[in-house]
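Here's the structure we're looking at; comments come further down.
All values below come from the heavy atoms of this structure, side chains included, with hydrogens, waters and symmetry mates left out.
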Amino acid sequence: MEENVRTGRCVVAVDGPSGSGKSTVSRRLAASIGARYLDTGAMYRAITWAVLRSGVDLTDTASVAKVAGEVNLRIGTHPQGYAVTIDGVGVDADIRGAEVTGAVSAVAAIPAVRELLVARQREMIANVGRMVVEGRDIGSVVAPDADLKVFLTASEAARAARRSAEDAADVAATAADLARRDRLDSTRKVNPLAQAPDAVVLDTTELGIDEVVARLRDLLTERGVA
């Protein structure tokens, strides 16, 4: 895969709820500015997959944290294609399944799991220096000194329509699941889904992906880090 990573620090923090366009926008933005891309949600999903495979009770936070600390999680950072592995096993498809989706918010709410992965994420950002990072607490917790912080949002209907199209799922069921995850992610005690005070809020309901990426590139240009 052709490399196109430029030099010079440029850290973009992209936060927002599921279905707001974070992943597609972040990957395209990273590719367009010659940066790496980090999907922090995939890291939590991978740990959740490992916990489910272990048979540990999700309510046993100590055991869940133990699994998280013992597995070898690796995630690529190329915006045009990256692999996620647990102990050498590729889990890219499995972590997007219904089982992991239903459990990931509970696992991600465990303080020890968040502490472990936030430290790993910060290390990856520091080692690369030029990266677009997406998640739910990037601008507020993981990279509070990011050059650009963005909070993407969209109407509930738009988010449900987008996610159901991706998963070939029922729109109503998808909307209910998104509402459940929003509630859990926004109310967890440690590092909840939150808009950083200095983040640029961008409603993507009526915007195409190219329009969103163009606006973010303009913001980076204004900051002299594009």
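- The two residues V113 and A68 make their nearest non-hydrogen contact at CG2-CB, 4.2 Å.
- With D15 contributing its side chain and I138 its backbone, the two residues share a donor-acceptor pair below 3.5 Å.
- Residues E211 and E206 share a closest heavy-atom pair of OE1-O, 4.2 Å.
- Using a 4.5 Å heavy-atom threshold, the side chains of D137 and V142 count as touching.
- The minimum heavy-atom distance linking R53 with E99 is given by the pair NH2-OE1, 3.0 Å.
- Note: T61 OG1 to I110 CD1 = 5.5 Å, rounded to the nearest 0.5 Å.
- The hydrophobic clustering, which links ILVMFWY residues whose side-chain heavy atoms are closer than 4.5 Å, places V71 and I75 together.
- Here CG of D210 is found 11.0 Å from OG1 of T24. Values are rounded to the nearest 0.5 Å.
- Inter-residue side-chain proximity for L216 and V25 is flagged as met; some heavy-atom pair is nearer than 4.5 Å.
- Shortest non-hydrogen contact noted between S20 and T204 is O-OG1, 2.9 Å.
- Within a 6.0 Å sphere centred on CZ of R215, other residues, nucleotides and ligands contribute 12 heavy atoms or fewer.
- Between P79 and V132, the closest side-chain pair of non-hydrogen atoms is not below 4.5 Å.
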* Start with the C-alpha gap between S26 and L29, add the side-chain angles, then the distance that decides, and say whether side-chain contact (heavy atoms from CB on, under 4.5 Å) holds. => CA-CA 5 Å; S26 297; L29 179 63; 5.8 Å; no
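- Put simply, the side chain of S54 gets close to the backbone of V51: a donor and an acceptor are under 3.5 Å apart.
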* Given R159 and T205, is the side chain to side chain donor-acceptor pair (under 3.5 Å) satisfied, shown in steps? -> CA-CA 8 Å; R159 291 169 53 212; T205 303; over 6 Å; no
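- The side-chain heavy atoms of V133 and Q121, taken from C-beta on, include no pair separated by under 4.5 Å.
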* To do: Test V67 against I47 for side-chain contact (heavy atoms from CB on, under 4.5 Å), laying out the working first.
  => CA-CA 8 Å; V67 172; I47 293 298; 5.9 Å; no
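- A pairwise comparison of heavy atoms in W49 and V89 identifies CH2-CG1, 4.5 Å as the closest pair.
- Side-chain atoms of Q80 and Y37 form no donor-acceptor pair, as typed in the model, at a separation below 3.5 Å.
- Here the closest heavy-atom approach between residue V104 and residue T101 is recorded as CG1-O, 3.6 Å.
- Taken from CG in L73 to CZ in R45, the straight-line distance is 14.0 Å, to the nearest 0.5 Å.
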* Yes or no on side-chain contact (heavy atoms from CB on, under 4.5 Å) for R9 and R130, after CA distance, side-chain angles and deciding distance? -> CA-CA 5 Å; R9 173 190 159 88; R130 190 172 184 85; over 6 Å; no
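- None of L207, V14, T153 except one satisfies the side-chain contact (heavy atoms from CB on, under 4.5 Å) rule with L202; the exception is L207.
- Here OG1 of T221 is found 9.5 Å from CD1 of I33. Values are rounded to the nearest 0.5 Å.
- With no hydrogens or angles considered, a side-chain donor-acceptor pair links S18 and R136 at under 3.5 Å.
- Electrostatic pairing of R96 and D39 counts as a salt bridge here, judged by a charged N lying under 4.0 Å from a carboxylate O.
- No side-chain donor-acceptor contact under 3.5 Å links R223 to the backbone of L148.
- One distance of note links CZ of R74 with OH of Y82; it measures 15.5 Å at 0.5 Å rounding.
- With values rounded to the nearest 0.5 angstrom, K149 atom NZ is found 3.5 Å from D198 atom CG.
- When atom types are taken as modelled, the side chain of D92 and the backbone of V84 share a donor-acceptor pair closer than 3.5 angstrom.
- Placement of L116 and L58 in two distinct hydrophobic clusters is found when ILVMFWY residues are connected by side-chain heavy-atom separations under 4.5 Å, directly or transitively.
- The environment of CD in E156 is sparse: at most 12 heavy-atom neighbours from other residues, nucleotides or ligands sit within 6.0 Å.
- Using a 4.5 Å heavy-atom threshold, the side chains of L117 and T40 count as separate.
- Between the side chain of T77 and the backbone N or O of L38 there is no donor-acceptor pair closer than 3.5 Å.
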